[in-house]
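To keep things clear, I will list the structure first and then write my remarks on it.
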Amino acid sequence: MSNFMKVEFAAKSENESFARTTVAAFIAQLDPTVEELTEIKTVVSEAVTNAIIHGYEENEEGTVLIECELKDQDISLTIRDFGNGIEDVDEAIQPMYTSKPELERSGMGFTIMENFMDHFEIESIPNHGTTVTLRKKFLNNQSAYN
Amino acid sequence: MALSLTYDFEQKQDVLLVRLTGELDHHEAEQLKNDWQSYLQNGMTKHVVVNLENLHFMDSSGLGVFLGRYKEVKEIGGEMVICSINYDVQRLFELSGLFKIIDAADNEAAALARLGVTL
Ligand SMILES: Nc1ncnc2c1ncn2[C@@H]1O[C@H](COP(=O)(O)OP(=O)(O)OP(=O)(O)O)[C@@H](O)[C@H]1O
Ligand SMILES: [Mg+2]
């Protein structure tokens with residue numbers, strides 16, 4: 001089984017729930033457990049929120065692109081923005097590191113992504129944007145059909 | 001557009017009880033923060049109980065809101081207790097170390113009792 005989807009939307013905070021619900025609906029075909037579904041919704045929410053807050057600093061003219069690929073029980077997700085980028089990725093992924101404490105951010109987004117997924121990668125170019133790639137193998141929940 | 005988060009505030013003696021329903025993300029966090037802050041400044045509040053029984057989704061934005069209000073409650077010399085935390089939210093609390101500083105209770109009655117509210 002293989003499948004693919006791609007969605008692009010305005011960097012508006014209203015679209016955070018749209019983004020996570022859309023990805024959740026797409027991966028439903030893998031029969032995820034409730035826990036797997038929550039993990040995927042959470043990491044999508046984290047990455048999209050980062051694009052909006054940090055990538056575009058809430059300038060709603062930006063766009064966010066999500067691609068999701070399914071191959072058997074493997075899911076691969078990329079969340080991309082074309083905004084500010086990250087100067088120092090090693091620093092950014094430290095638990096509790098945030099560049100925006102005044103916005104009540106706690107610096108946990110990347111830590112959550114790393115924890116909830118099997119594989120996590122950031123590609124970022126200052127002033128060009130950031131791409132976060134996340135991968136996970138779902139447990140084989142479909143054994144009843146095999 | 002349908003509201004994905006709703007909440008209500010109830011005053012129980014010097015405890016502000018906050019009940020959250022739905023999904024708490026960055027989009028919802030700002031309004032919640034503003035409303036919550038105005039209740040904290042009503043002159044009657046010393047402590048806070050947050051009931052998360054009906055909070056079905058939360059991301060790091062929620063951690064930020066809770067941590068922010070926790071600091072404000074501490075500033076007025078009070079305590080904050082969070083109760084009825086479901087499994088998903090609990091995982092985020094554990095990851096972030098929030099349990100190390102914020103007190104948790106099994107249910108609303110236990111949380112209120114801990115803060116001296118007699119029902
Ligand atoms: N898409 C992005 N574009 C530019 N900078 C980013 C992006 N994503 C993350 N960052 C940078 O990496 C830091 C860490 O991100 P992370 O999501 O871990 O924490 P946060 O967003 O600051 O806080 P939280 O996620 O807990 O609300 C951010 O503070 C920001 O400086
Ligand atoms: Mg973040």
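Please read these numbers as outputs of a predicted model, since none were measured by experiment. The chains referred to below are lettered A, B, ... by the order of the sequence lines, with proteins before strands, and numbering in each begins at 1.
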Is it the case that more than 12 heavy atoms not belonging to [X] sit under 6.0 Å from its [atom1] atom?
X: His119(A); atom1: NE2; answer: yes
X: Glu8(A); atom1: CD; answer: yes
X: Ile76(B); atom1: CD1; answer: yes
X: Glu87(A); atom1: CD; answer: no
X: Asn42(B); atom1: CG; answer: yes

Mind checking the [atom1]-[atom2] spacing from [X] to [Y]? Nearest 0.5 Å is all I need.
X: Glu30(B); Y: Leu103(A); atom1: CD; atom2: CG; value: 8.0 Å
X: Leu92(B); Y: Thr111(A); atom1: CG; atom2: OG1; value: 11.5 Å
X: Glu14(A); Y: His27(B); atom1: CD; atom2: NE2; value: 4.5 Å

Contacting region of Glu58(A) [heavy-atom separation from chain B under 4.5 Å]: side chain
Non-hydrogen side-chain atoms of Ser61(B) and Arg105(A) separated by less than 4.5 Å: yes
Heavy-atom check, side chain of Phe116(A) versus side chain of Leu95(B), under 4.5 Å: yes
Can you confirm whether the side chains of [X] and [Y] place a donor and an acceptor under 3.5 Å from each other?
X: Glu23(B); Y: Ser17(A); answer: no
X: His26(B); Y: Thr49(A); answer: no
X: Arg91(B); Y: Thr42(A); answer: no

Shortest non-hydrogen contact between Ser60(B) and Ser106(A), atoms and distance: O-OG, 4.0 Å
Carboxylate-amine/guanidinium contact Lys41(A) Asp59(B), below 4.0 Å: no
Charged N-O contact under 4.0 Å between Arg69(B) and Glu104(A): yes
Applying the 4.5 Å side-chain criterion to the ILVMFWY set and letting contacts propagate, would [X] and [Y] be lumped into a single cluster?
X: Ile53(A); Y: Leu67(B); answer: no
X: Phe18(A); Y: Leu5(B); answer: yes
X: Val132(A); Y: Ile27(A); answer: yes
X: Val50(B); Y: Tyr87(B); answer: no

Evaluation steps, side chain to side chain contact (heavy atoms under 4.5 Å, CB included), between Glu28(B) and Ser13(A): CA-CA 9 Å; Glu28(B) 302 292 343; Ser13(A) 65; over 6 Å; no
Partner chain B: residue of Arg20(A), Lys12(A), Met96(A) with the largest heavy-atom pair count (under 4.5 Å): Arg20(A)
